[in-house]
Amino acid sequence: MLCGWGRVPVAGREVRSEDLEELTRRAVLCRGLGRSYGDSSLPPPSHPVVAATPLADRILSFDGATGRLRAEAGLSLRALNRTFLPRGFYAPVTPGTQLITLGGMVAADVHGKNHHRDGCFGAHVTRLRMRVADGRILECSPEEETELFRATVGGMGLTGHILEVECRLARVPSTWIVAESERIHDVDRFIDGLKEAGVRWPYTMGWIDCLSRGSLLGRGILMKGRWAEPDEAPRGLPRPRRRPSVPLVLPGWVINRWTVRAFNAAFFRCHLPRVRRRLVDPESFFYPLDAIGHWNRMYGPRGFTQYQCVLPESAGRGAARRFLELLTRRGGASMLCVIKDCGAEGIGLLSFPKPGISIALDIPIRDDTQDLVDALNELVVTERGRIYLAKDQFTRPAHFRAMEPRLEEWTCIRRKWDPEGRLRSAQSVRLLADRP
Amino acid sequence: MKVAFLGATRGMGRSLSRLMAARGDELFLLGREPAGLERSARDLEARAGRGSVGVAVCDLEQPAGFAAALDAAEAGLGGLDAVVVTAGVFATQDVLEQDPERARRILEVDFTDTVTFCEHARRRLLARGGGTLVVFSSVAGERARKPVVLYGAAKAGLTRYLEGLDHRFHAQGLRTVCVKPGFVKTSMTDGLPAPPFAGEPDEVARVVLRAIDRGQPVVYAPPIWRWVMLVVRALPRSIMRRAGF
């Protein structure tokens, strides 16, 4: 059995090898470290084998003057960061976990706390080497085979198997982060707070208590960060910390409205009502969840799904409030509700972010989860927003088509490169009517 | 340390060579396939952030090439302090019983050819007044078990040979490190169900590097396998005949 990070299994197995060219020869789907929450990296029912890339993790070249890196697609972001931070470089875009592969980062076109300024990972990718559906191996870039490149960035692995990634790392002034955080009392002030913070801070995001109601709706903690200047930073490198781990799958009742409400209230109150500023190591700042091994086991045997949508600026300021109100009315209880202001749309045709507000939350799977996701999607469609494929498990094809005006163009390109529809995943079978 | 490394392109060898390169050891890679060797060399150079890693072709199944390969390594490194051998072939007993040619190959490569290579290596190290020979054997050599009879037999011979080298040449400065990995999740074991205490290559590499630095003659990796094999060695024959493992 294989599952995504949400721990909902399907029949399937991984095959691992250091030789990606050989491994992908007849594969229909690749998989990295399996951090996508839903079924993006899970195989279709009729071909229950995925080519797992993490063993193909060699760095092929690095130019210390330009920060240009070329590596095999299975290289993990953690290995990348730990190798290059001591040399003054870091990933230009990083999501909330570094336990992901370069190939996965391209396929999901990941974004992070600096999206408002630096866009998605795809904006920093200069070249890809991939094996397309007919077996040929070729390279594409923003200038060469541009259509294929745009369809592959954010294309969830459905346009071909990524073998090598070339990208530009960001130069950083020190190996420490200056982090600031403050309490925010409601969602409207949050949106203002994010916009304001985004002017001076490269990294911003907010944690929201999505169970608070009424005038407290959307209270939470706004987090900001930037790399410390050399004179602000302590000497020496931050040490990687030991990770505690959730040793077993907790029973499903552990995460419920009452425990979540209690956690959220405590988390909010623990943060004193003033601005906190401190120096932190990058791993604690960017990857708080990586600190707890197997944290996804907390959600019980039925697992969970993460719902993430972006509500566009065109929907107006009330959209986020309407979303949270719907969520609390429908009883969605989540300890982890993250809000982020997104910048411009990326080069990838199916890339998730667009200017507006992104909201992400965990939903433990219950009998009513499909209904809840349907209701949230209805609202997102009405607000002309969209969902993030790398998190999705429950969206219906009709809702996805309604949210995704770029889908037709992407599908055209996909069909050109894969007329038989050989490359597919459990997610594409569910959402895009691929043959099972 | 100047290290000639046979097997750095894959599996535990890849993890160990990375740790060694990162801490400043100079490496020279030996292996079968030139393109893979070059890629691994560039990877080690990138991770170390300095230095250059030379390569030369060396195929365990072609003993005639061992001398030239080690010549190249010594010349490339400008010396030789250690030789590491992680290369080997594996197949389960079920597969080998259906494929006698492959079975012959496992015995040849994992015992005869590896020992022959080690003979070349230890002669050069002794000629320089001493050095470290690190060879990856296996816990499969500790006690015959049904799923790995032939593979285990080859590794048992290798383990005993390394012990012999230690007894015979320790006084002359040869340090042998016989690494006995338990089940480790690499491409070699891909597809096999992982038993309890299955190890990860990076974790194994850390344990092995510590043992190399301490000059430990035998090291189990992960360390818990010392105790697992203690128990397995103590089991009566009647149980080994009935058990599936």
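Every chain is numbered from 1 and lettered A, B, ... according to where its sequence line falls, protein lines coming before strand lines.
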Cut-off 3.5 Å, side chains only: do Ser76(A) and Thr101(A) have a donor facing an acceptor?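 The answer is no; no qualifying pair exists.
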Ignoring hydrogens and angles, state whether a donor on the side chain of Arg424(A) or Ser46(A) is under 3.5 Å from an acceptor on the partner side chain.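 Arg424(A) vs Ser46(A): donor-acceptor pair found between side chains.
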Could you check whether any side-chain N or O of Ser138(B) sits under 3.5 Å from a backbone N or O of Gly141(B), counting only pairs where one atom can act as donor and the other as acceptor? no
Does Leu55(A) offer a backbone N or O that forms a donor-acceptor pair with the side chain of Arg14(B) under 3.5 Å?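 Checking the backbone N and O of Leu55(A) against the side chain of Arg14(B), a donor-acceptor pair under 3.5 Å is found.
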So which of Leu69(A), Leu60(A), Val15(A) has the largest heavy-atom pair count under 4.5 angstrom toward chain B?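 Sorted descending by pairs with chain B, the first entry is Leu60(A).
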Here's a test for you: under side chain to side chain contact (heavy atoms under 4.5 Å, CB included), which of Phe286(A), Tyr90(A), Phe89(A) qualifies with Asn81(A)? Tyr90(A)
Ser40(B) versus chain A, the contacting section by heavy-atom distance below 4.5 Å: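 Both parts, backbone and side chain.
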Counting only heavy atoms closer than 4.5 Å, note whether Ala48(B) contacts chain A via side chain, backbone, both or neither. backbone
Atom group of [X] that falls short of 4.5 Å from chain B, counting heavy atoms:
| X | answer |
| --- | --- |
| Asp19(A) | neither |
| Ser61(A) | neither |
| Leu75(A) | side chain |
| Arg16(A) | both |

Is the shortest side-chain N to carboxylate O distance from Glu101(B) to Arg105(B) below 4.0 Å? no
Residue among Glu38(B), Arg47(B), Glu45(B), Arg42(B) with most heavy-atom pairs under 4.5 Å to chain A: Arg47(B)
